[in-house]
Amino acid sequence: MLLLIQGGRVVDPARSIDADLDILIENGKIAWLGQHLEAEDAQMVDASGLVVAPGLVDMHVHLREPGFEAKETVATGCAAAARGGVTTLVAMPNTRPATDCPEIVKLVQSKAAPTGVNVLPAGAVTVGQRGQVLTDFDSLRAAGVPALTDDGVPIQNQALLRQAMLRAKERNLPLLDHCEDRDMVQNYALNEGKASQTLGLPGRPAIAEELQIMRDVMLAEETGAHVHICHISTAKGVEIVRQAKVRGVRVTCETCPQYFTLTEEEVLCQGALARVNPPLRTQADVDAIRAGLADGTIDAIVTDHAPHTAEEKARPLPDAPSGMVGLETSLALALTELYHTGLLPMSRVLALMTSSPAALLGLNKGTLGEGCDADLVLFDPNQEWTIDKNQFASKGRNTPFHGRTVRGRVKYTISRGIIIYQEG
Ligand code: DOR
Ligand code: ZN
């Protein structure tokens with residue numbers, strides 16, 4: 001099985017390659033990068049005008065199965081991933097039952113296998129994500145989890161969290177933490193600030209996130225564990241991580257397109273569609289997230305793809321669930337907001353979505369090195385298109401970006417040498 005990708009601009013941030021090259025794929029692996037390659041009997045892909053990059057690695061996705069199949073299934077979530085150029089994803093454990101034992105890890109893996117997308121279920125930190133008893137990290141690790149997290153129902157008990165870090169460190173697993181103090185945020189629907197005042201609703205203050213980021217940084221420093229802060233959304237949060245990195249603390253962090261694109265005001269026009277945890281913040285926070293992406297404080301761009309049903313999102317703002325889908329829009333939003341604005345070069349945007357998350361999870365993914373799995377995304381970096389939720393492969397249509405015109409369109413997604421998505 002030979003596949004020849006001809007005439008594209010190959011961008012492989014891990015190896016500082018940005019050049020017009022052809023790529024030969026043999027038996028699912030990258031076999032050769034070079035100029036004017038030829039291969040008899042190879043299937044050809046014409047990549048002229050396209051960027052050829054490693055398949056995206058999205059380390060924060062909610063696939064919802066088992067338990068919430070009305071929102072999404074592994075199959076529909078993976079179809080959305082393929083449409084978005086994502087070839088490897090980490091699936092969050094807040095399913096029902098939670099991914100807290102090898103059986104559920106294996107169930108998710110088996111549902112994902114036929115999709116062609118490389119799905120890595122994250123293991124829950126506590127049994128049932130109830131925040132009381134730690135799961136069996138050894139058996140979860142043996143089942144193949146790349147990381148541990150209670151995202152969706154984050155741990156509040158600091159003694160337990162410290163214990164989890166010590167155990168995770170021994171097993172060389174990163175701990176991914178959703179940072180928000182539950183007593184401060186309750187089940188509130190939006191940021192505490194201008195919009196919450198306008199609506200007369202209680203809000204989730206930025207300090208609720210920042211306190212827990214500070215706590216996690218201090219625990220990481222003390223335990224030596226690798227702590228990864230999920231979906232960072234505030235200016236001070238970014239600054240705390242920046243300073244911790246200078247001190248040599250093993251802390252990394254991620255953000256999502258919504259946090260470098262939208263502000264709390266979005267809730268005023270879009271209601272529950274703009275409801276997400278942590279909430280959309282202020283313009284100063286958006287600017288600080290962009291600065292954190294530019295100076296390397298932020299390690300990864302993820303989606304926090306969180307599908308919900310139309311019925312759930314149609315509820316009044318205080319009763320609707322939090323979260324937005326993102327798999328089918330993340331690359332275009334990142335290119336539009338970060339690359340086409342001149343803030344980041346192409347290679348840096350792609351590093352944040354490929355090699356950098358792969359490296360922090362210890363995955364042999366996110367690069368086009370010879371011998372690596374042939375996971376690729378081919379996209380037109382300049383093509384304008386309008387986001388249309390009705391075209392999504394995801395069951396979730398809950399995006400605040402419907403109707404937005406963006407630049408950058410996925411044309412092909414290839415996983416282990418097989419075309420798993422082709423436009424049109
Ligand atoms: O907005 C969110 N939605 N934040 C989370 O942490 C969980 C997620 C979900 O599962 O819907
Ligand atoms: Zn979260």
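Source: prediction; values computed, not measured. Every number for a ligand or one of its atoms is a count from 1 in the order of the listing.
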Using only heavy-atom distances, determine whether the side chains of [X] and [Y] contain a donor-acceptor pair under 3.5 Å.
| X | Y | value |
| --- | --- | --- |
| His62 | Asp151 | yes |
| Glu72 | His305 | yes |
| Gln129 | Thr126 | no |

Side-chain touch Met184/Arg204, heavy atoms, less than 4.5 angstrom: no
Point-to-point distance, once rounded to the nearest 0.5 Å, from CG of Asp150 to CD1 of Ile155: 4.5 Å
[X] contact mode with ligand 1 (heavy-atom cut-off under 4.0 Å):
| X | answer |
| --- | --- |
| Glu180 | neither |
| His308 | side chain |
| Ala306 | side chain |

Return the closest protein heavy atom for [atom] as residue, atom name and distance.
| atom | result |
| --- | --- |
| atom 4 (N) of ligand 1 | Asn277 O, 3.0 Å |
| atom 3 (N) of ligand 1 | Ser322 O, 3.1 Å |
| atom 11 (O) of ligand 1 | Arg64 NH2, 2.8 Å |
| atom 8 (C) of ligand 1 | His62 NE2, 3.7 Å |

Check all N, O or S atoms of [X] and name the one closest to the Zn ion (ligand 2).
| X | answer |
| --- | --- |
| His178 | ND1 |
| Asp151 | OD1 |
| His231 | NE2 |

Val276 neighbourhood, listing ligand 1 atoms whose heavy-atom distance to it stays under 4.0 Å: 1 (O)
Carboxylate-amine/guanidinium contact Glu239 Arg242, below 4.0 Å: yes
Lys71/Glu312 salt bridge by N-O under 4.0 Å criterion: yes
Cation-aromatic face contact Arg96/Phe68, 6.0 Å, 45 degrees: yes
